[in-house]
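Below is one structure, written out as structure tokens; comments come after it.
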Amino acid sequence: MCGRFVANNELETIKEVFNPKIAPSLALGENYNVSPSQNTFVINKQEAAVIELNTKVWGFTATWDTKRRLANARSESILQKASFKDSYLYRRCLVPINGYYEWFRVNEKPTQAYFIYSKKMKLLPVAGIYLDDEMTILTTSANARLSAIHDRMPVLVPPRNWESWLDQSITEPGQIQSLIPSAPLDFLDAYPVSSSVNNSRSKGKNLIDPIGPEI
DNA sequence: CCAGACGTTGTT
DNA sequence: GTCTGG
DNA sequence: CCAGACGTTGTT
DNA sequence: GTCTGG
């Protein structure tokens with residue numbers, strides 16, 4: 001899945017890629033270890049043709065359990081989940097990240113952290129939904145390469161579908177689903193990183209230093 | 001109608 | 001073991 | 001996601 | 001708060 005990610009939050013790059021009409025007053029510094037409950041940028045569109053850049057807290061809370069934050073929503077079953085359905089139909093967003101972390105496990109303990117990113121796309125928007133000031137990232141089954149590390153991965157939206165993904169007038173489930181085809185098998189890259197990333201207080205760029213070869 | 005579950009991950 | 005904070 | 005704490009009551 | 005099962 002996707003429980004930590006990298007966001008360098010470079011406004012310049014985000015503006016080049018999305019050209020948002022509306023931007024938050026709050027700037028976010030680079031963060032090589034974004035964890036649930038932290039603020040992060042999202043791209044959304046509440047009015048036709050008006051792309052917005054906003055900040056949201058990562059993780060949905062339910063009214064009946066405000067302590068627990070759901071960092072992810074399973075895309076396969078999202079229409080059957082009352083907590084997520086309406087956000088999926090009416091409040092989709094893109095989360096501009098620069099890669100994420102995954103922990104390879106044997107039995108119980110996390111053994112090795114990996115940084116997963118795209119050589120092709122430095123800014124890698126992933127699919128999210130939002131409600132008020134909260135955001136959660138959609139997941140799907142991992143592709144062949146990444147399944148060596150973990151069985152889930154974030155949902156990627158191809159650039160050609162970005163506009164439609166953000167379009168709130170598109171509410172037909174089949175049409176929405178067609179916007180998020182499975183990621184190409186070789187699209188993402190990964191290499192192991194140090195266990196410094198395990199502690200969410202660690203934030204520096206050194207967290208993505210490779211400690212081994214690409215998978 | 002009320003009672004009770006409800007969201008993820010990994011692991012069992 | 002389970003919950004909370006980051 | 002992992003790290004790290006992990007107790008009660010009533011009251012502000 | 002809202003949905004489902006009984």
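Chain letters run A, B, ... following the sequence lines, proteins first and then strands; every chain starts at 1. No experiment lies behind these values; they were computed from the predicted model shown.
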If you look at every strand shown and take non-hydrogen atoms under 4.0 Å, does A:A113 touch a base, only sugar-phosphate, or nothing? nothing

Which is true for A:D65 with a 4.0 Å heavy-atom rule: it touches a base, it touches only sugar-phosphate, or it touches nothing? base

Which residue is it: A:Q168, A:R91, A:E52? I am looking for the one with a side chain to side chain donor-acceptor pair (under 3.5 Å) to A:Q46. A:E52

Will you find, in the side chains of A:N31 and A:N9, an N or O donor that is under 3.5 Å from an N or O acceptor? no

Using a heavy-atom cut-off of 4.0 Å across all strands, would you classify A:F84 as base, sugar-phosphate, or nothing? sugar-phosphate

Taking 4.0 Å as the cut-off, does a side-chain nitrogen or oxygen of A:N198 come that near to OP1 or OP2 on D:dA3? yes

Within less than 4.0 Å of OP1 or OP2 of B:dT9, is there a side-chain N or O belonging to A:R74? yes

Within the pair A:R68 and C:dC3, is there a side-chain N or O less than 4.0 Å away from OP1 or OP2? no

Presence of A:S83 side-chain N/O under 4.0 Å of E:dT2 phosphate oxygens OP1/OP2: no

Between D:dC1 atom C1' and A:I97 atom CD1, what is the distance in whole Å? 13 Å

N or O in side chain of A:R105 less than 4.0 angstrom from D:dC2 OP1/OP2: yes

Does the plane of the ring in A:Y114 sit parallel, tilted or perpendicular to the ring in A:F104? Use 30° and 60° as the thresholds. perpendicular

Relative to each other, are the rings of A:F115 and A:Y117 parallel, tilted or perpendicular (30° and 60° limits)? parallel

